[in-house]
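See structure below.
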Amino acid sequence: MPASPSGPVTSRTRSWWGWGYTDAHPDDAECVALGALLPGTLGRPLPVPRVADLSIGRPGVTPPAALAHLVTTDPGVRAAHAMGKAYRNVIRALRGRPGRIPDLVARPTDDREVADLLDWAGGRGVAVIPFGGGSSVVGGVEYRGDAHRAVLSLDLTSMDRVLEVDTVSRSARIQSGALGPGLEAQLRPHGLTLRHFPQSFEFSTLGGWLATRAGGHYATGRTHIDDFVQSLSVVTPAGPGTSWRLPASGAGPSPDRLFLGSEGALGIITEAWMRLQERPHHKASASVAFADFQQALEAVRAIARSDLSPANCRLLDPGEALLSGASHDGSSVLVLGFESATSPVDDRLASAMDLALAHGGRGAHGERGGHGGRGGAPAADGGAPADTAVSAWRSAFLRMPYLRDGLARMGAVVETFETAATWDRVPSLIDAVRTEVSSVASKATGHPATVNCRLTHVYPDGAAPYFTVAVAGRPGDEVRIWDDIKAAAGDVLHRYRATITHHHAVGRDHRPGYDLQRPDPFALALRATKDALDPRRILNPGVLID
């Protein structure tokens, strides 16, 4: 049956240069207070950048009359589509150097218009950068270089409908431009949910999640968007294609796997049939403190190897716990959460807490049962806060990208990166990243650096450490410093055979690490696929392959 279009409409203004909504950004006083936490930051914040201060040239190409109604050349819209939301994007905007601004922004409304735009762009040598919510933190939605005469940002957010809901098979056909809140709002009347809540939930799209193999809020089990895909529809310069809608198949290599994680370099994902689930009615959450981080790692490994399958199992090291307000005594904090649509989860939470306590945990607190939580809650807790630590972590989780931008205005270099490795390497990997990355950051800036870690997703055979780096920068040199830090981090990950990214995609920033990680025969096959599907090399040039 068809579902209603679009979800909730908001009149709030999105920031063209930073994260989220403009009215949620730290003001100057809060920026100064944040800067005081890092020795060596600026005395006053950099001014909020204005589009009017940018040098935005005239478009280098004009669309044909048949497509003109889909295209805008508005300077503000073009500036907002020039970059993602990585630290290096934010500081470039603050310094008035946003990079190559697209000549045109197009907003197609169906597959035919996408195909027409690709045909025109291919014939004119125009690069096409697929764009959803623009929340990329790895340079995935920006153009670098000068090999194309013009750049078209292909914004898919006008394709934002849940087109069909199959309640028998519990799945839905959804257009790829649907933002998280709108998608969930359209599913809610059916009592169903996709329940994929990345931190960028408000500002990212289904197509973006699929194209980047995004991680969601589930810490175990169905951790990635891949696990929810039934079928994909893709438009490529070589033509459109739709995979069969199936619960499973062993028929050769999966066509869906070809485009999941392809980041718009092989084709434009326009629709997907997604597996849904009933909305959870039973929830329970708790936190456990650990005096010893290594014991906390062992506790998480034991929980991951059990059959308990927590929805939330996030371990914060002492620095991360302090930063989020989950702990102030030097403890590491494990945040646990369980949810179910059909049965109480109290016993599963109690069993997980028992495992944590058996590994040196202390002071477990929690809340059980009941409905609650807004649609985009990133954790499994709902209703009233489970305890102070859980509540503090959840608030900090949602607020952190805004605080990062506030620190950037103070000249700080602050950003995150994540990875995954098998359990035998996780402890030494975390130690190496803390030691080596903080050393590089301190040497590059002359200031003490902080490197914190949390585990965001855990598996029976390994875990996904997520690192936060913060250090006062040198005025005007912040991008180079961050690039040096990123390179040092990549060297450590490669040495420990840890992935260059667990769920943030490759983009352009992770290309060096990805080139080292992928096998040579696969790289050969990927280049051949690019040649076959995008022979004129217009789709997201520089992403994944040259």
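Residue numbers run from 1 in the order of the sequence given.
Scanning both residues, Arg314 and Asn312, for their nearest heavy atoms gives NH1-OD1, 2.5 Å. The two residues Leu260 and Val229 have their closest heavy-atom pair at CD2-CG2, 4.0 Å. Here the closest heavy-atom approach between residue Leu455 and residue Ala463 is recorded as CD1-CB, 4.1 Å. Of all heavy-atom pairs spanning Leu493 and Thr499, the tightest one is CD1-O, 3.7 Å. Between Ile538 and Gly122, the closest heavy-atom pair is CD1-N, 3.7 Å. The nearest pair of heavy atoms linking Thr109 to Gln175 is O-NE2, 3.8 Å.
Using a 3.5 Å distance cut-off with no hydrogens or angles, the side chains of Thr157 and Asp155 do pair a donor with an acceptor. In this model, no donor atom of one side chain and acceptor atom of the other lie less than 3.5 Å apart for Tyr218 and His457. If you check the side chains of Thr422 and Asp461, you find no donor sitting under 3.5 Å from an acceptor. Residues Arg107 and Thr72 have side chains that never bring a donor and an acceptor to within less than 3.5 angstrom of each other. Between the side chains of Tyr466 and Thr416, at least one donor N or O sits under 3.5 Å from an acceptor N or O. Side chains of Ser249 and Trp244: a donor-acceptor N/O pair is absent below 3.5 angstrom, by distance only.
With hydrogens and angles disregarded, a donor-acceptor distance shorter than 3.5 Å links the side chain of Thr236 to the backbone of Gly239. Formation of a donor-acceptor pair under 3.5 Å by the Thr223 side chain with backbone atoms of Ala219 is not found in this model. When atom types are taken as modelled, the side chain of Thr501 and the backbone of Ala505 share a donor-acceptor pair closer than 3.5 angstrom. Between the Asn89 side chain and the Ala86 main chain, a donor and an acceptor come within less than 3.5 Å of each other. Proximity of a side-chain donor or acceptor of Thr205 to a complementary backbone N or O of Gly208 within less than 3.5 Å is detected. The main-chain N or O of Gly18 is found under 3.5 Å from a side-chain atom of Lys85 such that the two form a donor-acceptor pair. Panel note: side chain Ser243, backbone Leu232; a donor-acceptor pair is recorded below 3.5 Å. Checked by atom type and distance alone, the side chain of Ser169 never pairs as donor or acceptor with a backbone atom of Ser171 at under 3.5 Å. Between the Glu202 side chain and the Pro181 main chain, no donor and acceptor come within less than 3.5 Å of each other. Without hydrogens or angle criteria, Glu478 side chain to Tyr87 main chain gives no donor-acceptor distance under 3.5 Å.
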Would you sort out whether Glu142 and Arg508 count as a salt bridge (Lys or Arg N to Asp or Glu O under 4.0 Å), showing the intermediate values? CA-CA 9 Å; Glu142 64 187 79; Arg508 293 164 177 84; over 6 Å; no
Thr468 and Arg454: CA distance, side-chain angles, deciding distance, side-chain contact (heavy atoms from CB on, under 4.5 Å) verdict: CA-CA 9 Å; Thr468 300; Arg454 66 182 185 267; 4.1 Å; yes
Given the rule in the ring pair (Phe, Tyr, Trp, His ring centres under 6.0 Å) test, do Tyr402 and Tyr21 qualify, once you have shown the distances and angles that lead to the verdict? CA-CA 9 Å; Tyr402 291 102; Tyr21 296 114; 7.8 Å; no
For Arg188 and Thr193, run side-chain contact (heavy atoms from CB on, under 4.5 Å): C-alpha distance rounded to whole Å, both residues' side-chain angles, the deciding distance at 0.1 Å, then the answer. CA-CA 7 Å; Arg188 189 171 293 113; Thr193 174; over 6 Å; no
How far apart are the C-alpha atoms of Glu184 and Arg279, what are their side-chain angles, what is the distance that settles it, and do they pass the salt bridge (Lys or Arg N to Asp or Glu O under 4.0 Å) test? CA-CA 11 Å; Glu184 286 292 332; Arg279 303 181 69 79; 3.6 Å; yes
Given the rule in the salt bridge (Lys or Arg N to Asp or Glu O under 4.0 Å) test, do Arg257 and Asp226 qualify, once you have shown the distances and angles that lead to the verdict? CA-CA 8 Å; Arg257 291 285 176 180; Asp226 313 32; 2.9 Å; yes
Working for salt bridge (Lys or Arg N to Asp or Glu O under 4.0 Å), residues Asp509 and Lys486: CA-CA 9 Å; Asp509 294 345; Lys486 193 83 166 179; 5.8 Å; no
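The shortest distance between side-chain heavy atoms of Pro465 and Val433 does not fall below 4.5 Å. By the 4.5 Å heavy-atom criterion applied to side chains, Pro130 and Val141 are not counted as neighbours. A heavy-atom distance below 4.5 Å is not found between the side chains of Thr270 and Val234. The closest side-chain heavy-atom distance from Pro98 to Leu54 is below 4.5 Å. Residues Leu183 and Leu206 meet the side-chain proximity criterion, which asks for heavy atoms closer than 4.5 Å. Looking at heavy atoms from C-beta onward, Pro49 lies in side-chain contact with Trp16 at the 4.5 angstrom threshold. Under the 4.5 Å side-chain criterion, counting only non-hydrogen atoms from C-beta, Asn540 is not in contact with Val128. Using a 4.5 Å cut-off on side-chain heavy atoms (C-beta onward), Glu271 and Leu163 make contact.
Legend: residues meeting ring-ring contact (aromatic ring centres under 6.0 Å, His included) with Trp273, ordered by chain and number and at least two apart, are absent. Checked against ring-ring contact (aromatic ring centres under 6.0 Å, His included), Phe467 has the following partners two or more places apart in sequence or in another chain: Phe417. Checked against ring-ring contact (aromatic ring centres under 6.0 Å, His included), Tyr514 has no partners two or more places apart in sequence or in another chain. Residues satisfying the ring-ring contact (aromatic ring centres under 6.0 Å, His included) test with His224, not counting sequence neighbours, are His502.
Salt bridge annotation for Arg480-Asp483: absent, with no cationic side-chain nitrogen under 4.0 angstrom from a carboxylate oxygen. Between Arg100 and Asp103 there is a salt bridge, since a side-chain N of the basic residue sits under 4.0 Å from a carboxylate O of the acidic one. In this structure, Asp116 pairs ionically with Arg112, as a charged nitrogen and a carboxylate oxygen lie closer than 4.0 Å. Taking a cutoff of 4.0 Å between a charged side-chain nitrogen and a carboxylate oxygen, Arg537 and Asp546 do not qualify as a salt bridge.
Residue Arg195 is tested with Glu278, Arg222, Gln277 for a side chain to side chain contact (heavy atoms under 4.5 Å, CB included); the sole match is Gln277.
Trp17 has its ring centre less than 6.0 Å from the ring centre of His25.
Other residues, nucleotides and ligands contribute more than 12 heavy atoms inside 6.0 Å of the CG atom of Asp23. Counted within 6.0 Å of CZ on Arg144, heavy atoms from surrounding residues, nucleotides or ligands total more than 12; the atom is thus considered enclosed. Within a 6.0 Å sphere centred on CG of Asp146, heavy atoms belonging to other residues, nucleotides or ligands number 12 at most.
Pairs passing the ring pair (Phe, Tyr, Trp, His ring centres under 6.0 Å) check and including a residue from residues 522-546, sequence neighbours excluded, do not occur. For residues 405-414, the pairs satisfying side-chain hydrogen bond (donor to acceptor under 3.5 Å, both in side chains) are Asp28-Arg409, with sequence neighbours left out.
Taking the six-membered ring where tryptophan is involved, the planes of His148 and Tyr143 are perpendicular, since the angle between them exceeds 60° and thus also 30°.
Geometric assessment of Arg275 against the ring of Phe228 yields a negative cation-pi assignment under the 6.0 Å and 45° thresholds.
Rounding to the nearest 0.5 Å gives a distance of 9.0 Å between NZ of Lys530 and CG of Leu526.
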